[in-house]
Structures are given as C-alpha cells and as structure tokens.
Amino acid sequence: MAVSIPLTDDEQAAVEDGQAALDRLLDRLADTPTPAGPTPRELDVPVTARLLPLVDVRQGGTGSAPR
C-alpha cells in the first residue's frame, strides 16, 4: 500500500530543485520548534555540521519491502 504525504511548495522545491532550495527551506525552518520544544537554532548544531548530498531518489517500483 502506497502512502502519499502532501508537501508544501517549499518542500517540493527542496526535493526537485536541489541544494539551494533545500538550504532555503532549512533556513526557514531553523526557528520552527521541534516536537520537544526547542528550535533547531536553540539546539546549537555545530557550524561545521553539513547535510549529506541527496544523490538519488526512487519512488514506487516492484519488489518486496525492506525488513
């Protein structure tokens, strides 16, 4: 069974348009509280922290689900 999760325009751009769009989305979300309460900025993530590049995304397809 496939599950569909609707994305905002910013989220869709981050998926489709690459690193610059992803960086804009992350910057916008930096002051949005996490479920625990603090914002990502308040969590004091080191300046040297980097996201790994997203190389390939595959949707759907056939075969069995990972266990």
Side-chain angles (χ1 to χ4, degrees):
M1 175 173 79
V3 176
S4 177
I5 300 173
L7 301 177
T8 66
D9 291 342
D10 289 340
E11 292 165 338
Q12 189 67 39
V15 171
E16 295 177 353
D17 297 339
Q19 190 65 47
L22 179 59
D23 290 341
R24 285 190 301 273
L25 175 62
L26 292 174
D27 188 50
R28 186 177 61 79
L29 294 175
D31 295 314
T32 301
T34 64
T39 68
R41 285 192 212 278
E42 293 170 337
L43 292 173
D44 196 31
V45 176
V47 175
T48 58
R50 286 191 45 119
L51 293 175
L52 297 175
L54 187 62
V55 177
D56 190 17
V57 176
R58 297 180 187 188
Q59 294 182 355
T62 60
S64 61
R67 296 180 195 193

(message) Restricting to non-hydrogen atoms, name the atom on L43 and the atom on P38 that form the minimum distance, rounded to 0.1 Å.
(response) CD2-CG, 3.6 Å
(request) For residues P40 and T32, report the shortest heavy-atom separation together with the two atoms involved. (result) CD-O, 3.2 Å
(request) Can you see which heavy atom on L25 is nearest to which on A14, and at what distance? (result) CD2-CB, 3.8 Å
(message) Could you report the tightest heavy-atom contact between G37 and P33, atom names first, then the distance?
(response) O-CB, 3.4 Å
(request) Any chance you could measure L22, atom CG, to E16, atom CD, to the nearest 0.5 Å? (result) 13.0 Å
(request) Would you name the heavy atoms of A21 and A13 that are closest together and state the gap between them? (result) CB-O, 3.4 Å
(request) Measure the spacing between CZ of R24 and CG of D27 and express it to the nearest 0.5 Å. (result) 10.5 Å
(request) For D9, look at atom CG and say whether over 12 heavy atoms of other residues, nucleotides or ligands are found less than 6.0 Å away. (result) no
(message) I need the minimum non-hydrogen distance between V15 and L7, along with the two atoms involved.
(response) CG2-CD1, 4.1 Å
(request) Any chance you could measure R28, atom CZ, to T8, atom OG1, to the nearest 0.5 Å? (result) 5.5 Å
